[in-house]
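Just so you know, these numbers use all the heavy atoms, side chains as well, and skip hydrogens, waters and symmetry mates. Note that the numbering runs from 1 along the sequence shown for the chain.
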Amino acid sequence: MARSLSSMVLKGLSSLRSTHSSRAISGSFYNSAMRYSTTVTSDSETHDDFKPTNKLPSSSLSVQDVVEQDIKENPVIIYMKGVPDSPRCGFSALAVRVLNEYKVPLSARNILEDLELKNAVKSFSCWPTFPQIFIKGEFIGGSDIILNLHQTGELKEKLKDITTEANTENSG
């Protein structure tokens with residue numbers, strides 16, 4: 001009895017270990033028209049050798065400039081906790097699910113990786129919470145607003161040109 005119980009516990013532990021062993025690789029990358037980054041968060045427990053030193057692609061730009069450039073250059077961008085393939089909060093996950101329904105190219109930045117970026121986005125939008133979604137340079141809001149726009153059909157209208165452009169590029 002004790003032997004079967006211990007083998008059950010060991011099997012449970014080994015399966016738990018295998019399900020949590022995959023980790024995201026640090027850096028920025030593109031995936032099917034989605035751009036996002038996954039650098040490691042900086043905290044006081046992390047040794048200096050392992051802390052990211054430059055999280056933004058161009059050191060000549062201020063964080064505020066990066067936010068403005070992101071919003072200007074990306075038809076749909078979401079500043080979120082985590083990345084679209086692996087959101088780190090339920091609200092970010094909901095926003096990504098809703099936006100993915102429209103098959104639009106979605107750019108994203110993980111605000112958990114850089115406190116300065118997080119504060120710059122808050123300052124830019126005058127909105128305190130995340131995720132924050134911008135469509136065609138306009139601040140839309142968070143997951144609750146995106147969901148409401150989706151349910152009323154207004155989001156489809158806002159994304160109509162972007163959806164058409166993305167589908168035209170993919171079919172051409």
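Using a 4.5 Å heavy-atom cutoff, the side chains of D161 and K136 are in contact. In this structure the side chain of P87 reaches within 4.5 angstrom of the side chain of M80, judged on heavy atoms. Between L155 and I135 there is a side-chain heavy-atom pair separated by less than 4.5 Å.
By the neighbour-count criterion of 12 heavy atoms within 6.0 Å, atom NZ of K72 is sparsely surrounded, having that number or fewer from other residues, nucleotides or ligands. Surrounding CD of E157 are at most 12 heavy atoms belonging to other residues, nucleotides or ligands under 6.0 Å away.
In this structure, F134 and F139 have tilted ring planes: the angle between them lies in the 30° to 60° band.
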**OP:** Using the side-chain contact (heavy atoms from CB on, under 4.5 Å) rule, take I133 and I145 through it: C-alpha gap first, then chi angles, then the decisive distance, then the call.
**Re:** CA-CA 9 Å; I133 299 132; I145 295 169; over 6 Å; no
**OP:** Output, in order, the C-alpha distance, side-chain angles, deciding distance and verdict of side-chain contact (heavy atoms from CB on, under 4.5 Å) for R109 and V66.
**Re:** CA-CA 11 Å; R109 282 208 189 258; V66 170; 3.7 Å; yes
Original post:
What's the verdict on side-chain contact (heavy atoms from CB on, under 4.5 Å) for Y102 and V76, showing C-alpha distance, side-chain angles and the deciding distance?
Top reply: CA-CA 11 Å; Y102 295 90; V76 181; over 6 Å; no
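To the nearest 0.5 Å, atom CG of residue L117 and atom CZ of residue F124 are 12.5 Å apart. Interatomic distance, C89 SG to L94 CG, rounded to the nearest 0.5 Å: 9.5 Å. Annotation: the span from S143 atom OG to R97 atom CZ amounts to 9.5 Å, rounded to 0.5 Å.
Proximity of a side-chain donor or acceptor of Q132 to a complementary backbone N or O of W127 within less than 3.5 Å is detected. Checking side-chain atoms of S92 against main-chain N and O of R88 turns up no donor-acceptor pair under 3.5 Å. At distances below 3.5 Å, not a single donor-acceptor pair connects side-chain atoms of K81 with backbone N or O atoms of F91.
Of all heavy-atom pairs spanning V63 and A120, the tightest one is CG1-CB, 3.5 Å. Closest approach of D114 to E116, counting heavy atoms only: OD1-N, 2.9 Å. The minimum heavy-atom distance linking L112 with G82 is given by the pair CD1-N, 4.0 Å.
For the pairing with S107, the side chain to side chain contact (heavy atoms under 4.5 Å, CB included) check across I77, D70, I78, I71 returns one residue only, I77. For the side chain to side chain donor-acceptor pair (under 3.5 Å) test with T152, the passing option among H150, E154, K156 is E154; the others fail.
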